[in-house]
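The chains referred to below are lettered A, B, ... by the order of the sequence lines, with proteins before strands, and numbering in each begins at 1. Side chains are part of it too, since the values below use all heavy atoms of this structure and drop only hydrogens, waters and symmetry mates.
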Amino acid sequence: MALKLPIYLDYHATTPLDKRVLDEMLPYFTEDFGNAASRTHAFGWKAEAAVGVARERIAKMINADKPEEIIFTSGATESDNLALKGVAEFYGDKGKHIITSRIEHKAILDSGKRLEKMGFEVTYLDVDQKGFVDPEHVRAAIRPDTILCSVMLANNEVGTVQPIREIGAICREKGVLFHTDAVQGIGRVDFDVQSMNVDLASITAHKMYGPKGVGALYVRRSKPRVRLVAQMDGGGHERGYRSGTLNVPGIVGFGKAAEIITHEWRDEAARVSRLRDSLYKKITSALDEVFVNGPWPVTDANGKVVRLPNNLNISFAYVEGESILMSLKNVSVSSGSACTSASLEPSYVLRALGVEEELAHTSIRFGLGRFTTEEEVDFAADLTVTSIKRLRDLSPLYEMAKEGIDLKSIAWTAH
Amino acid sequence: MAYSDKVIDHYENPRNVGTLDKNDDNVGTGLVGAPACGDVMRLQIKVNDDGVIEDAKFKTFGCGSAIASSSLATEWIKGKTIDEASEIKNETIAKELNLPPVKIHCSVLAEDAIKSAIDDFRKKQAARRESKT
């Protein structure tokens, strides 16, 4: 079969909608268009029932106790904002200290910054060279006035899967609420709000083969009962936590996506992991001076998966990331290079891992997924290898390094 | 980011890629930028006895616009005298390649690379004259 170009290998950014998801959504745009809050007629009841099914499916996916613990939002950015600001506002009288990590999504980091301006104190935990938060650092950071700890399930750039179970146990022991941004990990690694002692969790449909514009915040209702102050005022939807007419077709799709993941994620993760390993082997066997960012090997001593099965983040020394992207024009990937970001700053995640700026500029993130094929991986690997070779022929740094010149000994003119 | 056709052309078919002997008295080498900033250009010129740049080579670590700016620079300076070449302005390079505002620094770096190569050549010549007298 002919390969369809361009190839999509940016599944961390978003995922295509699964056709099975679309099929369930379609009637809710047209025939069953009712407002789930309309209590007076069949259109509303039907929409409400469909939302109920979705809520149950999502609750089941993360092993939530009750469907009511799922609060629908517009996506994970809103969920992260609601979790941090909503908890801070409710528990602010009890304490004003929050713990998080340096490599969280901007929705967490910037919510933290906002809260700092409002008088809260936020501790940003360092991560190690592979991107791990040390649970003991969480324990050490907890103070009598700590109200919340937020650590992501898995990182979107380098794929590090955090020790959520260990962090959750510590937070529970210390009586600190625990939130996790589970967006990247859902459907890719183990996630269970009960056994992991998670009190709040952000999820989004579009990273799990559902539609964009719909997400959820899991809010534990008992042991402990988590309370929030709504950040969106209005008609009191979602138990008063999030006003606004529900996006019924989106929620229906989200629910279907969750059901598929509940049944299929383990097989999918195993398959995608094999493809990722093959991509790694093909690239690293053909090129020198390439460095994986994030955990490698991908399992720890106990066999636990510590890197997202679909993630490969590599620095190709001596070639700049944006020029690599330009060369990989039929392969859609992303880079930690400054040149590719709107802010013109290199990735804060790579910097937090201690990756030198020289290497941060040369990083490429491959994100595989449900619809990635072996042929696509082979094509991407071959193109990557030829591109890097060509660009290294163009690189004065590669030539100098090969001549044995220590690039650090040169007085560069920073600009 | 959408690139102009000219940037893509220079990126895909870079002119004058290579290395000249930096120990040759007639060769001037400019090495500008920094790996930590994501851009390094090395531009070299070979100047004949009439002061004309008879050959120019470059290698660049950087984005597509940086590669294109340096490629274009070598194309433009070949055949020019060093005085003429030192008149080349970054604005002209940026305009020719249709660089967006965030990529203007690539053309600045190319201008710096030309000037730096010419400086290096002139220093070498001065040193040679001194050693002769």
message = Using 0.5 Å steps for rounding, measure from the CD atom of A:Glu322 to the OH atom of B:Tyr3.
response = 3.0 Å
inquiry  = To check you understand the geometry: which heavy-atom pair defines the closest contact between A:Tyr318 and B:Phe61, and what is its length?
reply    = O-CD1, 3.1 Å
query = Which of these passes salt bridge (Lys or Arg N to Asp or Glu O under 4.0 Å) with A:Glu399: B:Lys22, B:Lys57, B:Arg42?
reply = B:Arg42
request  = Supply the atom-to-atom distance A:Glu320 CD to B:Thr60 OG1, rounded to the nearest 0.5 angstrom.
outcome  = 11.5 Å
Within 6.0 angstrom of B:Glu84 CD, more than 12 heavy atoms from elsewhere = yes
key: Qualifying residues under salt bridge (Lys or Arg N to Asp or Glu O under 4.0 Å), relative to A:Asp382, sequence neighbours excluded   = none
query = Closest heavy-atom contact between B:Val17 and A:Asp393?
reply = CG1-O, 4.0 Å
inquiry  = For the NZ atom on A:Lys282, are there more than 12 heavy atoms of other groups (residues, nucleotides or ligands in this structure) within a distance under 6.0 Å?
reply    = no
request  = For B:Gly62 and A:Ser323, work out which heavy atoms get closest and say how close.
outcome  = O-CB, 3.1 Å
Reported CE-to-CD1 distance for the pair A:Met326 and B:Ile67, which is rounded to 0.5 angstrom = 7.5 Å
inquiry  = Test of understanding: with side chain to side chain contact (heavy atoms under 4.5 Å, CB included), list the residues that count as partners of A:Ala13, not counting sequence neighbours.
reply    = A:Tyr8, A:Asp10, A:Arg365
key: Any B:Asp39 side-chain heavy atom under 4.5 Å of A:His361 side chain   = no
ask   = What closest approach, in Å, do B:Pro14 and A:Arg390 show between heavy atoms, and which atom pair accounts for it?
value = CD-NH1, 3.9 Å
inquiry  = Is A:Ser327 in contact with chain B via its backbone, its side chain, both, or neither, using a 4.5 Å heavy-atom distance?
reply    = both
query = Counting only heavy atoms not in A:Lys329, do more than 12 fall under 6.0 Å of its NZ?
reply = no
